[in-house]
Trainee: 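Handing you this structure, nothing more for now.
Numbering of ligands and ligand atoms starts at 1, following listing order.
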Amino acid sequence: MAENSIDSLLQEHRRFPPSEQFAAQSVASPNLSSEARADRLEFWATQARECLDWHSPFTEVLDWSNAPFARWFADGTLNVAYNCLDRHVLAGRGDRVAFHWEGEPGDSRTITYAELTTEVKRAANALASLGIGQGDRVAIYMPVVPEAVVAMLAVARLGAVHSVVFGGFSAESLRSRIEDAQAKLVITADGGWRKGKVFPLKPVVDAALESGAESVEHVLVVRRGENPVAWADARDLWWHDTVGSASPEHEAEGFEAENPLFILYTSGTTGKPKGILHTSGGYLTQAAFTHRNVFDLHPESDVYWCTADVGWITGHSYVVYGPLANGATQVLYEGTPDSPHPGRWWELIEKYRVSIFYTAPTAIRSFMKLGREIPDGFDLSSIRVLGSVGEPINPEAWIWYHDVIGAGTAPIVDTWWQTETGAIMIAALPGQTTLKPGSAQVPIPGVTIDILGEDGTRVDPPHGGLLVVSEPWPSMLRGIWGDPERFKETYWSRFSTPEKARYFAGDGAHVDEDGDIWLLGRVDDVMNISGHRLSTTEIESALVSHPMVAEAAVVGAADEQTGQAVVAFVILRAEFAGDMTPDEASAALRAHVATAIGAIARPRQVFVVAELPKTRSGKIMRRLLQDVAEGRAIGDTTTLADTSVMQIITTNVTG
Ligand code: WT7
């Protein structure tokens, strides 16, 4: 699943050419690619002018003289929130619905562009009155409610920087992100709805701020869950008081194109998450351009729904910035796909006549398992484009998605990108590209991708290699917050030469004879669990922070449902080894990881073992543990310091 093998990919020969009817009205035209090939920078300059309104125009497209630190459209100024809001209202589209929001318990709100604009203006005034201005960092820890979007746009409107932390992360994870960014303000809610219950958020913020995080001056709280919350009078404010009483007049100021827009933390190969920094003009250009062309958006008639939480990059680029810059009408849903019944998503598609639907393979596979009777019970005839993101979509899931959700006609766009790339980099263009199930296909116009061997030379089909972006792109990350050295080292050291800086993505890939790209999964110690990135080292650190644990090793094991699942092997300290049964210890440690990082990191299994396989230099051989976790025959053990270790582990694991 997450780990594709070239051999199995080469078996996939099904092809789906675009229908003439679709091609005739598609947004993307064949000219895009030829224009981009003719002059890449001029192409992006055109997109920046066509997709966005500038307070003052740019004259320079790209400054790459200080690579890998890029500056796009640097002498232009714009306001990101104005581009997502005011300009639509000023053009007479204020009555268009921005969001059909649906709460999990069944409450709903319809918000037009005019209403959203007014709300963001109020919120911007409220934030300004709390001392937030250009460059200040604001942490946002929210459920998927309209106020989460309003908060992000209000921060952007002031030229400040948001750091959205997914509502499933623990107090410790939240605290370390607040501290790293030195946030002055936290915006949260009392709680949100998930799986039929309110999950508390404000109490987690309180715990995060209990020790450390001294940069925080105020906590602004949206009332949503109605759950009881503690209150620090000098620090805490209700959103409905503070924003509700603020003026609805606010003029958007233009900021430099390179003004920071947001920081979003993501896991790397070391224990500490990286604060990925994105800026304004280039980011918004590529988010808007790809949203329009990859999803074939006709903003006046489409209803678009991306199921991502705003806490992830997909929520930033394809719920907030891309769609709103394009004036799209969206569905926004607070809860889980199966609450209160397993047809909830299909019910929403029927209710709002969703025409473009964007979700992750893990969700598709879970619906597949439940059977097609459930979606077949709803009218999904409004669907005309389907999208996939987060991990490779296996051909069986692709075909099911195409047939059952897309009535056998809707094109599927499999979109490859990353938190770091900011926007889609590889995808089919509906109406243009002949689709191949399982392949992300082609770089979008204006993006240059190469598949290189370890030695940096290009590999030829059908061999696999490492995915590299060879030219800078507008929505590229501008750095890791506070750590320029790590930025250079992580992404730019491996394949750059003195003449040319090249971005290393961390993914393996293979290119076929037609030039279509097939992703093969991560090549580093990063796991992909349900389309979310987790680092093995980060979870190992969480495990060894438990007093009972002497040593820990974590691997991502293939999982039918989630793509990969976290599997841990731990050695207990001698003094604790007799206190609990292995099952009890395993349960306690699974819970410990969930508390330390968040429920998404909870291991599927924790095996208590007597030894870990190590090389003579002391490096843990995760590859062998992965064989155990996936129930395979153990691979080559010749480099092990002690070859009997695997025998001991297998006995421990199988009991
Ligand atoms: C990693 C990035 C970008 C939004 C979601 C994840 C994997 C993502 C695909 C795809 C194959 C994919 C890659 C990438 N990935 N989309 N369509 N096909 N792999 O963002 O958490 O930054 O993770 O997700 O391995 O490097 P992220």
Side-chain angles (χ1 to χ4, degrees), residues 1-4 9 164 166 168-169 262-269 273-276 278 283 286-287 290-291 294 306-322 358-364 386-395 397-398 401 412-428 435-444 449 451 464 466-469 475-477 480 490-491 503-510 516-535 538 556 562-564 600-601:
M1 230 140 282
E3 306 291 300
N4 282 332
L9 294 178
V164 183
F166 171 61
F169 277 119
F262 65 85
I263 304 168
L264 187 59
Y265 287 83
T266 188
S267 295
T269 51
K274 305 175 277 199
I276 302 300
H278 284 286
Y283 169 79
Q286 195 170 331
T290 50
H291 181 254
V294 173
C306 166
T307 64
D309 191 290
V310 292
W312 307 111
I313 190 68
T314 309
H316 282 58
S317 303
Y318 298 105
V319 174
V320 181
Y321 293 111
Y358 189 28
T359 194
T362 186
I364 299 165
L386 294 171
S388 174
V389 64
E391 60 173 305
I393 176 165
N394 44 307
W398 196 102
Y401 196 29
I412 296 180
V413 287
D414 176 6
T415 60
W416 179 89
W417 57 296
Q418 308 177 298
T419 305
E420 291 88 340
T421 70
I424 293 170
M425 301 291 277
I426 305 177
L435 304 172
K436 297 181 182 175
S439 168
Q441 303 209 277
V442 281
I444 62 151
I449 303 274
I451 313 294
L466 302 169
L467 193 145
V468 165
V469 190
S475 64
M476 66 196 286
L477 76 167
I480 295 177
T490 309
Y491 304 106
Y503 172 87
F504 173 48
D507 279 42
H510 138 80
D516 284 313
I517 297 167
W518 303 72
L519 276 303
L520 302 169
R522 300 286 307 193
V523 296
D524 50 12
D525 292 333
V526 169
M527 297 172 286
N528 188 327
I529 317 292
S530 298
H532 299 310
R533 210 198 290 189
L534 287 170
S535 118
E538 196 179 351
T562 56
Q564 283 186 310
I600 43 165

Trainee: Measure Asn528 to ligand 1 on non-hydrogen atoms and call it side chain, backbone, both or neither using the 4.0 Å cut-off.
Mentor: side chain
Trainee: So which bit of Glu391 gets within less than 4.0 Å of ligand 1, heavy atoms only: side chain, backbone, both or neither?
Mentor: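 The part of Glu391 near ligand 1 is the backbone, not the side chain.
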Trainee: Under 4.0 Å, heavy atoms only, figure out whether ligand 1 is touched by the backbone of Ile313, its side chain, both or neither.
Mentor: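 Under 4.0 Å from ligand 1, Ile313 contributes side-chain atoms alone.
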Trainee: Counting non-hydrogen protein atoms only, what is the nearest one to atom 22 (O) of ligand 1? Give residue, atom name and distance.
Mentor: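 The closest heavy atom on the protein side is Thr419 OG1, 2.6 Å.
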Trainee: Test your reading of the model: is there a side-chain donor-acceptor pair from Ser535 to the backbone of Thr269, 3.5 Å cut-off?
Mentor: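 Checking the backbone N and O of Thr269 against the side chain of Ser535, no donor-acceptor pair under 3.5 Å is found.
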Trainee: Classify the ring geometry between Tyr318 and Tyr358 as parallel (under 30°), tilted (30 to 60°) or perpendicular (over 60°).
Mentor: perpendicular
Trainee: Has the side chain of Thr415 got a donor or acceptor atom that lies under 3.5 Å from a matching backbone atom of Ser388?
Mentor: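 Present.
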Trainee: Of the protein's non-hydrogen atoms, which lies at the shortest distance from atom 6 (C) of ligand 1, and what is that distance?
Mentor: Gly531 O, 3.8 Å
Trainee: Quick check: does any side chain N or O of Glu420 sit under 3.5 Å from a backbone N or O of Leu477, one acting as donor and the other as acceptor?
Mentor: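 Flag not set: sc Glu420 to bb Leu477 has no pair under 3.5 Å.
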Trainee: Could an N or O of ligand 1 be found under 3.5 Å from any N or O of Asp414, whether backbone or side chain?
Mentor: yes
Trainee: Taking the side chain from Ser317 and the backbone from Gly422, do they hold a donor-acceptor pair closer than 3.5 Å?
Mentor: yes
Trainee: Identify the heavy atoms of Ala505 and Arg522 that sit nearest to each other, and give their distance.
Mentor: O-NH1, 3.5 Å
Trainee: Using the ring of each side chain (for Trp, its six-membered ring), is Tyr321 parallel, tilted or perpendicular to Tyr283, with breaks at 30° and 60°?
Mentor: perpendicular
Trainee: Closer than 4.0 Å to some heavy atom of Leu519 - which atoms of ligand 1 meet that?
Mentor: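 Close to Leu519: 11 (C).
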Trainee: Checking a contact table here: which protein heavy atom is nearest atom 2 (C) of ligand 1, and how many Å away?
Mentor: Trp417 O, 3.7 Å
Trainee: Could you tell me whether a side-chain N or O of His510 sits under 3.5 Å from a main-chain N or O of Leu519, the two making a donor and an acceptor?
Mentor: no
Trainee: Could you check atom 26 (O) of ligand 1 against the protein and tell me its nearest heavy-atom contact, residue, atom and distance included?
Mentor: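 Checking every protein heavy atom, the shortest distance to atom 26 (O) of ligand 1 gives Asp507 OD1, 2.6 Å.
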Trainee: May I ask you to identify the nearest protein heavy atom to atom 4 (C) of ligand 1, giving residue, atom name and distance to one decimal place in Å?
Mentor: Thr314 OG1, 3.2 Å
Trainee: For ligand 1, find out whether one of its N or O atoms is nearer than 3.5 Å to an N or O atom of His532.
Mentor: no
Trainee: Considering non-hydrogen atoms of the protein only, which is the closest contact for atom 23 (O) of ligand 1, and what is the distance?
Mentor: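 Checking every protein heavy atom, the shortest distance to atom 23 (O) of ligand 1 gives Arg533 NE, 3.5 Å.
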Trainee: Purely on distance, is any nitrogen or oxygen of Thr415 under 3.5 Å from one on ligand 1?
Mentor: yes
Trainee: Are Trp398 and Asp414 close enough that a side-chain donor and a side-chain acceptor fall under 3.5 Å?
Mentor: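 No - no donor-acceptor pair under 3.5 Å links their side chains.
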Trainee: To check your reading of the model: name the closest protein heavy atom to atom 15 (N) of ligand 1, its residue, and the distance in Å.
Mentor: Gly390 O, 3.2 Å
Trainee: Side chain or backbone of Pro392 under 4.0 Å from ligand 1, or both, or neither, by non-hydrogen atoms?
Mentor: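 It is both backbone and side chain that touch ligand 1.
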Trainee: Quick one: does His532's side chain have a donor or acceptor within less than 3.5 Å of a partner on Asn528's backbone?
Mentor: no
